[in-house]
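Small disclaimer: the values here were computed from a predicted structure and weren't measured. Below, read A as the first sequence line, B as the second, and so on, with proteins coming before strands; counting in each chain starts at 1.
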2 protein chains.
Amino acid sequence: MPENQHNSSNDNKLVDFEKRCRQHGLKITPQRVAVYKTLVGMDTHPTAEEVCQKVRDEISNISLDTVNRTLHTLSEIGAAFVVEGTGQPRRFDGGLEDHQHFLCMKCGKVIDFHHKPFDNIDIPDELKGQFKILRKTVYLEGLCGMCMHIENKSIIE
Amino acid sequence: MPENQHNSSNDNKLVDFEKRCRQHGLKITPQRVAVYKTLVGMDTHPTAEEVCQKVRDEISNISLDTVNRTLHTLSEIGAAFVVEGTGQPRRFDGGLEDHQHFLCMKCGKVIDFHHKPFDNIDIPDELKGQFKILRKTVYLEGLCGMCMHIENKSIIE
DNA sequence: ATACTATTTAATATCTACTCCTATTTGTCA
DNA sequence: TGACAAATAGGAGTAGATATTAAATAGTAT
């Protein structure tokens, strides 16, 4: 149990991943596993294109379409995440007062809210040394009231 | 001074805006003013396309390119903001451990960091009622070490 | 082992957001 | 008022993402 903790934790990840697929009725294909492994192994935040390049070390003829589709699938079942806001057309905000953003993951709407304690988050000195921080905010994602409502209705029907 | 506080505050905004333009050596064009006024007047987080539609009520033949360019200019001089992450190709993240994101506004790189106190931000009940919150994070933007370095060099040279 | 169905490939098409180009127009400053 | 640099309109071009197709492949449940 001691030694190769790293590998066993990777193995666990894979086992968890396969379990998660089964729970969602998804087949365990080599492509899916390869995309997942590759993504987890990258410490950047790759685009589908970048993941595709790397997966091809393993499955040389995997198509970009599959990688794209798989990445979306992974984020649907919670095995991966989409970095906040990316993949959406650029949105502008003229409100200069302090406020925070909530993104509805379903309809894509961005909704303002304001919670005073979020205005002045304390940044640790360690980060201040590494970066020049120009903006800091709390960012929430989930379902907005409307989409929550629609989802509940579709369960009842 | 009492009565139409609203209008006077709008006027102030415009005066401030024009001052801000002059400080940055930007001309006060009708297009710029119209785009700014329109954006400030919208309480959504419009895309350039949406702003363009609305500005055309005022300047019917303004080009989308101008609106786009102007919106970028506005965010460069701090008269508007780009909503976190938007406008970038979709980026994926397989790291399921708690961490936060820092976006370099110059090179577009997303860098992970981890600050324990950010893992469990307290969401007020008021928001919990309004939304189904699936993710919450602290999000930072600024200049990464590399871009900070480049910027300093170019000042010296 | 078999049959059923999900999945993949590959090529094409489409759409939208954005950027680039160039001639023309227009603020600004002297 | 005139000259210059900045900004704009309009069209063309690019990139990213998605959708469509078809035929081939490969998990999975029985």
Side-chain angles (χ1 to χ4, degrees), chain A residues 14 17-36 38 45-53 55-56 58-77 79-80 82-83 85-92 105-108 110, chain B residues 14 17-36 38-39 44-56 58-77 79-80 82-83 85-92 108 110:
Chain A
L14 268 182
F17 171 64
E18 301 195 355
K19 199 167 87 185
R20 203 187 276 268
C21 283
R22 270 186 271 273
Q23 280 170 350
H24 287 83
L26 297 175
K27 294 181 177 170
I28 319 286
T29 65
Q31 289 88 343
R32 247 169 216 161
V33 174
V35 168
Y36 176 75
T38 302
H45 296 81
T47 60
E49 179 66 46
E50 286 162 355
V51 176
C52 188
Q53 296 268 331
V55 179
R56 284 186 172 160
E58 202 172 327
I59 301 180
S60 61
N61 71 327
I62 195 171
S63 73
L64 174 57
D65 188 44
T66 297
V67 175
N68 229 320
R69 199 167 6 83
T70 303
L71 287 169
H72 283 258
T73 307
L74 295 190
S75 47
E76 272 163 22
I77 67 173
V82 175
V83 176
T86 62
Q88 292 198 45
R90 188 174 272 113
R91 293 179 173 278
F92 295 89
M105 294 168 95
K106 202 164 174 192
C107 67
V110 176
Chain B
L14 269 182
F17 171 64
E18 302 196 354
K19 200 167 86 186
R20 203 186 276 266
C21 284
R22 270 186 271 273
Q23 280 171 349
H24 288 84
L26 297 175
K27 295 181 177 171
I28 318 288
T29 65
Q31 289 88 341
R32 246 170 217 161
V33 175
V35 168
Y36 176 74
T38 303
L39 179 63
T44 58
H45 296 80
T47 60
E49 180 66 46
E50 286 162 356
V51 175
C52 188
Q53 296 268 333
K54 197 142 196 202
V55 179
R56 284 186 171 156
E58 202 174 325
I59 302 180
S60 62
N61 72 328
I62 195 172
S63 73
L64 173 58
D65 189 43
T66 296
V67 174
N68 231 318
R69 200 168 4 84
T70 302
L71 288 169
H72 283 260
T73 307
L74 294 189
S75 46
E76 271 163 22
I77 66 173
V82 174
V83 177
T86 61
Q88 292 197 46
R90 186 173 270 110
R91 293 178 172 278
F92 295 90
V110 176

Query raised in the report: Where each residue is assigned the nucleotide of DNA chain C containing its nearest heavy atom, which of B/Gly87 and B/Ile28 is assigned the position nearer the 5′ end?
Result: B/Gly87
Requested in this report: Apply salt bridge (charged side-chain N to carboxylate O under 4.0 Å, His left out) to A/Arg22 and list each qualifying residue two or more places apart in sequence or on a separate chain.
Outcome: A/Glu18
Requested in this report: Tell me what B/Ile62 touches on the nucleic acid: a base, only sugar-phosphate, or nothing, going by heavy atoms under 4.0 Å.
Outcome: sugar-phosphate
**Report entry** Contacts of B/His24 that satisfy ring pair (Phe, Tyr, Trp, His ring centres under 6.0 Å) - sequence neighbours left out
**Finding:** none
Query raised in the report: About how many Å separate CD of A/Glu76 and OG1 of A/Thr70, when rounded to the nearest 0.5 Å?
Result: 11.0 Å
Query - Outermost nucleotides of DNA chain C that come under 4.0 Å of a non-hydrogen atom of chain B - result: C/dT19 to C/dT28
Report summary line: Residues pairing under salt bridge (Lys or Arg N to Asp or Glu O under 4.0 Å) where one sits in residues 24-34 of chain B, two or more places apart or in two chains, turn out to be none
Query raised in the report: A/Thr86 side chain to A/Val82 main-chain N or O, any donor-acceptor pair under 3.5 Å?
Result: no
Query raised in the report: When we call it a touch if two heavy atoms are under 4.0 Å apart, what does A/Asp65 touch: a base, just sugar-phosphate, or nothing?
Result: base
Query raised in the report: What's the shortest heavy-atom distance between B/Val67 and B/Ala48, and which atoms?
Result: CG1-O, 3.7 Å
Report summary line: Sorted by number, residues from residues 69-76 of chain B placing a heavy atom under 4.0 Å from DNA chain D are B/Arg69
Query raised in the report: Do you know the tightest heavy-atom contact between A/Ala79 and A/Tyr36?
Result: O-CE1, 3.5 Å
Query raised in the report: How are the rings of B/His72 and A/Phe92 set to each other: parallel, tilted or perpendicular (split at 30° and 60°)?
Result: perpendicular
Query - Contact interval (first through last nucleotide) of DNA chain D with protein chain A, 4.0 Å heavy-atom - result: D/dT18 to D/dT28
Query - Whichever of B/Arg91 and B/Ser63 has its nearest DNA chain D nucleotide further upstream toward 5' - result: B/Ser63
Query - Atom pair OG1 (A/Thr38) and CD (A/Gln53), whose distance is rounded to the nearest 0.5 Å - result: 12.0 Å
Query raised in the report: Does one side chain, of B/Ser63 or B/Thr66, offer a donor that lies under 3.5 Å from an acceptor on the other?
Result: yes
